[in-house]
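Here's the structure, in structure tokens; my notes come after.
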Amino acid sequence: MTRYVLALDQGTTSSRAVLVRPDTSIAAEARQELPQHFPASGHVEQEPQDIWSTTLSCAHAALNAVGAGPADIAAIGITNQRETTLVWERDTGRVIHRAIVWQDRRTAPDCARLMAEGHGAKVSAITGLVIDPYFSATKIAHILDTVPGARARAERGELAFGTVDTFLLWRLTGGRVHATDATNAARTLLFDIHTGQWDGEMLALFRVPAALLPQVKDCAADFGATDPDLFGAPIPIRGMAGDQQAAVVGQACFAPGMMKSTYGTGCFALLNTGGTPVASRHRLLTTIAYQLDGRRTYALEGAIFIAGAAVQWLRDGLKVIETAADADRLAATADAGQDVILVPAFVGLGAPYWRPETRGALFGLTRATSAAELSRAALESVCFQTLDLLEAMHADWAGFGGGGTVLRVDGGMAASDFTMQRLSDLIGAPVDRPHVREATVLGAAYLAGLESGFFPPPDVFAANWRRERRFEPAMEGTERRRRIGLWREAVGRLLGPP
Ligand SMILES: Nc1ncnc2c1ncn2[C@@H]1O[C@H](COP(=O)(O)OP(=O)(O)O)[C@@H](O)[C@H]1O
Ligand SMILES: O=P(O)(O)OC[C@H](O)CO
């Protein structure tokens, strides 16, 4: 009898493996940080071997923690940091360039040129995305253009491209399966989100040979089985989704109008819009929330590049706090008379601004400014950015907010009570934090265990979702408007005239 589903969550700052029981409780968990490399301004890379070895060792550690073997595992579900781009040799599996991470901005000039040539509207219509270095396509072209001989080899079919899900699947199956799922494919700028196919016109525009591409499957599907050498016997792989889409599933946002916001390194708010893709007029992304039985459910997405990363900057860069939790504690003691505002555009600004060249700024500093006001500014910046996204979503889709907006939150930074209260204050709506804050992991597990009946059907799963705490708006209206005005002014000063 299988006892667990094994969820593998390969995130930007850490890899995780979690064993989930049929009642969705967590039996064991292992986590390892992995380094990011910043070789030049705006460049962010990772070693492919770190991505693989941390994932594999976490999987072993989770199994060992409860003495489980392959026979105990019903299936594996993979979820991952999205867009991060790898290209490897099909015959040896050798990766030909370090992974170019989603935050990397090196292809900003290529994107600016494509925009200037007038391709923006067409690209959005087909892919639901904007032309920005964030997505995989220009990263792939960069690798093919800078690694000697790579483009010719790609055209000959000798190389394979994958986002992190595909790379892990390739390694887990011993190089037998080259596949991805619709949610990850939808983040490449190469995928038609309406037809669910790679798009020839986009491949030509971004100069990506079709021979590089993986097969695209549903999120709950047969992705093969692990190489027997890895765990002693094969384990079926049955689930796959990008981490933000997995969190939509884990938070049971199955009905149109429901939304979740995940606060990890970055922040990603996804609003379920049902079976119809909603085109944004406010520079949000249209993406696939999940694809089951060939049917796509769409979402409007707002992507913020710096959320928990601002706390990491306080800890590792400025060294004004020792642990992430210190920021929470200090922010609560900040001087109410100081209006310190951080615009954390460390790697440019994402939605709804999409300004890859912009860099961050702090406003309102005085001699009295201390770590407390900096902490409040860092935490509050995440709330202001979420507010920007929600306002764009309201403007884009009449189906949103009809029954009153409630935001379901998860991710590491959702642990911060200060941030969640301030978020509710600033968006003027309730913020619900679930018992299971590991929504990404839960979603990946759920997808993997769905077909085999290991988990209940979606309606039962949704009914089992439990709130740990609700944060209600408590800030006085005048103060709320004043603070939002300070944020808007700060962003305006940074961006200059439109
Ligand atoms: N108590 C806290 N207060 C504020 N931020 C926190 C807290 N705990 C964790 N974080 C932030 O959450 C992030 C980690 O969240 P996680 O979901 O693990 O991220 P990822 O999946 O991107 O690796 C880190 O950037 C960290 O700074
Ligand atoms: O690793 P996370 O959790 O910050 O998520 C990264 C996103 O998937 C990037 O689009």
Side-chain angles (χ1 to χ4, degrees), residues 8-16 18 29 31-36 44 46 51 54 58 78-85 99-104 129 132-136 139 163-165 183-184 186-188 241-248 250 260-270 285 287 301-317 321-332 344 346-347 350-351 375-376 378-383 409-423 433 436-444:
L8 302 177
D9 174 11
Q10 205 301 303
T12 314
T13 56
S14 68
S15 299
R16 251 167 288 193
V18 181
E29 176 169 7
R31 178 191 178 115
Q32 266 186 40
E33 299 231 334
L34 79 163
Q36 285 183 288
V44 188
Q46 281 176 328
I51 293 174
T54 54
C58 285
I78 299 173
T79 184
N80 55 290
Q81 53 167 318
R82 306 167 304 168
E83 300 96 12
T84 296
T85 297
I100 303 186
V101 176
W102 56 276
Q103 293 162 319
D104 192 288
L129 307 177
D132 188 89
Y134 173 31
F135 305 104
S136 311
K139 299 182 200 288
T163 37
V164 168
D165 52 306
T183 68
N184 274 297
R187 314 298 295 187
T188 58
D243 57 6
Q244 303 310 321
Q245 284 89 341
V248 171
K260 72 88 208 180
S261 197
T262 301
Y263 295 91
T265 306
C267 157
F268 302 87
L270 270 77
L285 308 173
T287 202
E301 172 174 330
I304 301 168
F305 299 141
I306 302 292
V311 178
Q312 288 170 352
W313 171 67
L314 293 179
R315 189 192 63 185
D316 306 335
I321 57 172
E322 278 180 18
T323 67
D326 288 346
D328 205 34
R329 194 175 42 76
L330 278 170
F346 302 153
V347 290
S375 295
R376 183 186 59 199
L379 300 182
E380 202 173 31
S381 72
V382 176
C383 309
V409 292
D410 57 87
M413 201 182 184
S416 164
D417 289 349
F418 177 89
T419 313
M420 296 303 106
Q421 182 56 53
R422 191 49 65 98
L423 179 62
R433 190 165 66 187
V436 183
R437 240 174 275 169
E438 296 270 19
T440 297
V441 159
L442 184 57

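Numbering of ligands and ligand atoms starts at 1, following listing order. We number each residue from 1, following the sequence as shown.
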query = Which of these, A331, G266, A247, A324, has its nearest heavy atom closest to atom 2 (C) of ligand 1?
reply = A324
key: Sub-4.0 Å heavy-atom contact, A309 with ligand 1   = yes
Heavy atom of R31, distance to ligand 1 below 4.0 Å = yes
ask   = Can you tell if the side chain of L314 reaches within under 4.5 Å of the side chain of S375, non-hydrogen atoms only?
value = yes
request  = With the side chain counted from C-beta on, respond yes when R187 and E301 share a heavy-atom pair under 4.5 Å apart, and no when they do not.
outcome  = yes
message = I need the nearest protein heavy-atom contact for atom 24 (C) of ligand 1: residue, atom name and distance, please.
response = Q312 NE2, 3.5 Å
ask   = Nearest protein heavy-atom contact for atom 27 (O) of ligand 1: which residue, which atom, what distance?
value = G308 O, 3.2 Å
message = Check for me whether Q10 has a heavy atom closer than 4.0 Å to any atom of ligand 1.
response = no
message = For a quick check under 3.5 Å, do S15 and T54 share a side-chain donor-acceptor pair by atom type?
response = yes
remark   = Contacts for ligand 2, heavy atom under 4.0 Å, by chain and number, are G11, T12, Q81, R82, E83, W102, Y134, D243, Q244, T265, G266, F268
message = What protein heavy atom lies closest to atom 5 (N) of ligand 1? Include the residue and the distance to one decimal.
response = M413 CG, 3.4 Å
request  = Not counting sequence neighbours, which residues clear side-chain hydrogen bond (donor to acceptor under 3.5 Å, both in side chains) with E438? List them please.
outcome  = R16
inquiry  = Pairing donors with acceptors under 3.5 angstrom, does anything connect the side chains of N80 and N184?
reply    = yes
ask   = With a 4.5 Å limit on heavy-atom distance, are the side chains of T287 and Q245 in contact?
value = yes
task = Identify, for atom 19 (O) of ligand 1, the protein heavy atom at the shortest distance, and state residue, atom and that distance.
result = G264 CA, 3.4 Å
message = Pairing donors with acceptors under 3.5 angstrom, does anything connect the side chains of Q10 and Q81?
response = yes
ask   = Tell me, which protein residue and heavy-atom name are nearest atom 17 (O) of ligand 1, and how many Å apart are they?
value = G412 N, 2.9 Å
task = May I ask you to decide if T85's main-chain N or O and S136's side chain share a donor-acceptor pair within less than 3.5 Å?
result = no
query = Which of these passes ring-ring contact (aromatic ring centres under 6.0 Å, His included) with F305: F346, F268, Y134?
reply = Y134
request  = Could you see which bit of R16 sits under 4.0 Å from ligand 1, with heavy atoms only: side chain, backbone, both or neither?
outcome  = side chain
inquiry  = Please report whether ligand 1 has a polar contact with T13, defined as an N or O pair separated by less than 3.5 Å (distance criterion only).
reply    = yes
query = With F418, which residues qualify under ring pair (Phe, Tyr, Trp, His ring centres under 6.0 Å), at least two apart?
reply = none
query = To the nearest 0.1 Å, how far is atom 22 (O) of ligand 1 from its closest protein heavy atom, and which atom is that?
reply = T265 OG1, 2.5 Å
key: Heavy-atom nearest neighbour in the protein, as seen from atom 1 (N) of ligand 1, with distance rounded to 0.1 Å   = A325 CA, 3.7 Å
ask   = Numbering the atoms of ligand 1 from 1, which are under 4.0 Å from a heavy atom of S416?
value = 3 (N), 4 (C)
ask   = Between T262 and D410, do the side chains contain an N or O donor and an N or O acceptor separated by less than 3.5 Å?
value = yes
inquiry  = If the condition is side-chain contact (heavy atoms from CB on, under 4.5 Å), which residues does R315 pass it with, not counting sequence neighbours?
reply    = Q312, I321
request  = Could you tell me whether D417 and R433 have a side-chain N and a carboxylate O separated by less than 4.0 Å?
outcome  = yes
